[in-house]
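Quick notes on the structure that follows.
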Amino acid sequence: MRKTACFLMLALGALSLNAQADVETAKAFAKKYAAIAKNINPDFKGFLPDMGRNFFKREFTLKGKQVSCSSCHTDNPANPGKHIVTGKPIKPLSPVVEKSRFSDLEKVEKNFTEHCNNILGRDCTAQEKGNYIAYLLTVKFDVQGNEQK
Ligand code: HEC
């Protein structure tokens, strides 16, 4: 796993220099994750936003409780989240409404690794991370930041 993390850092390293936090950076991350996913799985066909959405909502049993990424981040990436343990507010994950998201590679990787390990008991794959970013980028928002279906 360490090895993968190192590889990710190298592959994505150049991007972390880009302080301009926005949707373009998130797209660039998705591209890099695609390169990694293809490297791991030659049959890789691209990211699937629907799978990204389902993945985020999927519940796992943790110490007898059902938890998912949505437990803290909510089902809607445009919504502010709330930490289920500390109750602290969490800024929305969507780079569309929260410019600081997906701007800093180290932070993205650190958060993905920590949260995936907490919830799934393992790091998320490049495919899973890419699916989620693809989902984030396909979601449309109204002026209040609510998702439009
Ligand atoms: C127990 C609460 C909790 C759960 C569950 C959780 N997260 Fe997080 N997550 C946080 C907090 C808190 C932050 C924000 C820290 C901050 O605001 O900078 C965060 C930030 C992130 C970020 C950072 C994005 C960025 O660029 O700033 C990513 C990516 C992320 N989480 C992915 C996930 C994924 C994937 C899952 C499910 C496997 C998940 N999280 C589940 C609490 C949680």
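Counting starts at 1 for both ligands and their atoms, in listed order. The chain is numbered in sequence order, starting from 1.
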Suppose I only count heavy atoms of Ser68 and a 4.0 Å limit; which atoms of ligand 1 are within that range?
5 (C)
So, 4.0 Å and heavy atoms of Gly81: is ligand 1 close enough to count as a contact?
no
Any side-chain donor near an acceptor of the partner, Glu114 and Asn118, under 3.5 Å:
no
CA sep, side-chain torsions, deciding dist, call: Met51, Gln127, side chain to side chain contact (heavy atoms under 4.5 Å, CB included):
CA-CA 10 Å; Met51 285 190 69; Gln127 172 92 54; 5.8 Å; no
Name of the residue among Tyr135, Phe112, Tyr132 meeting ring pair (Phe, Tyr, Trp, His ring centres under 6.0 Å) with Phe56
Tyr132
Nearest non-hydrogen protein atom to atom 18 (O) of ligand 1, with distance, is Lys107 NZ, 2.8 Å
If we only consider heavy atoms of Val67, is any one of them less than 4.0 Å away from an atom in ligand 1?
no
Identify which of Val85, Thr86, Ile90, Asp104 has a heavy atom lying nearest to atom 11 (C) of ligand 1.
Ile90
Charged N to carboxylate O under 4.0 angstrom, Lys129 versus Asp123?
yes
Looking only at protein heavy atoms, identify the closest one to atom 36 (C) of ligand 1 and say how far it is in Å.
Cys69 SG, 2.9 Å
Heavy atom under 4.0 Å from ligand 1: found in Leu120's side chain, backbone, both, or neither?
side chain
If I apply the N/O under 3.5 Å rule, does Cys124 come out as touching ligand 1?
no
Taking NZ, NE, NH1 and NH2 as the nitrogens, is one of them in Arg122 or Glu128 under 4.0 Å from a carboxylate oxygen of the other?
yes
Specify the protein heavy atom at minimum distance from atom 26 (O) of ligand 1: its residue, its atom name, and the distance to 0.1 Å.
Phe102 N, 2.8 Å
Does His73 reach ligand 1 with a nitrogen or oxygen that is under 3.5 Å from one of the ligand's nitrogen or oxygen atoms?
yes
For Phe102 and Thr25, what are the C-alpha separation, side-chain angles and deciding distance, and is it a side chain to side chain contact (heavy atoms under 4.5 Å, CB included)?
CA-CA 7 Å; Phe102 295 95; Thr25 327; 5.7 Å; no
Please evaluate residues Glu59 and Ser68 with respect to the criterion side chain to side chain contact (heavy atoms under 4.5 Å, CB included), reporting the C-alpha separation (whole Å), side-chain torsions for both, the decisive distance (0.1 Å), and the verdict.
CA-CA 5 Å; Glu59 292 195 320; Ser68 66; 4.2 Å; yes
Protein heavy-atom partner closest to atom 22 (C) of ligand 1 - residue, atom, separation in Å:
Asn111 CB, 3.4 Å
Of all N, O or S atoms in His115, identify the one at the shortest distance from atom 8 (Fe) of ligand 1.
ND1
Stepwise, does the side chain to side chain contact (heavy atoms under 4.5 Å, CB included) test hold for Lys82 with Ile90?
CA-CA 5 Å; Lys82 191 174 162 200; Ile90 305 172; 5.9 Å; no
Does Arg101 form a salt bridge (charged side-chain N to carboxylate O under 4.0 Å, His left out) with Glu98? I'd like the steps, not just the answer.
CA-CA 6 Å; Arg101 292 302 184 202; Glu98 176 50 51; 5.7 Å; no
Where the closest heavy atom to atom 17 (O) of ligand 1 is concerned, which of Glu98, Lys91, Arg101 has it?
Arg101
Test of understanding: given a 4.0 Å heavy-atom threshold, classify the contact between Lys129 and ligand 1 as side chain, backbone, both, or neither.
neither
Note the single closest protein heavy atom to atom 1 (C) of ligand 1, along with its residue, its atom name and the distance in Å.
Cys72 SG, 2.7 Å
Proximity to ligand 1 by part of Tyr132, non-hydrogen separation under 4.0 Å:
neither
Once rounded to the nearest 0.5 Å, what's the spacing between atom CD1 of Ile84 and atom CG of Leu62?
8.0 Å
I'd like to check which ligand 1 atoms, numbered from 1 as shown, lie under 4.0 Å from a non-hydrogen atom of Val108.
26 (O)
Nearest heavy-atom approach of Pro77 to Pro92 is O-CB, 3.4 Å
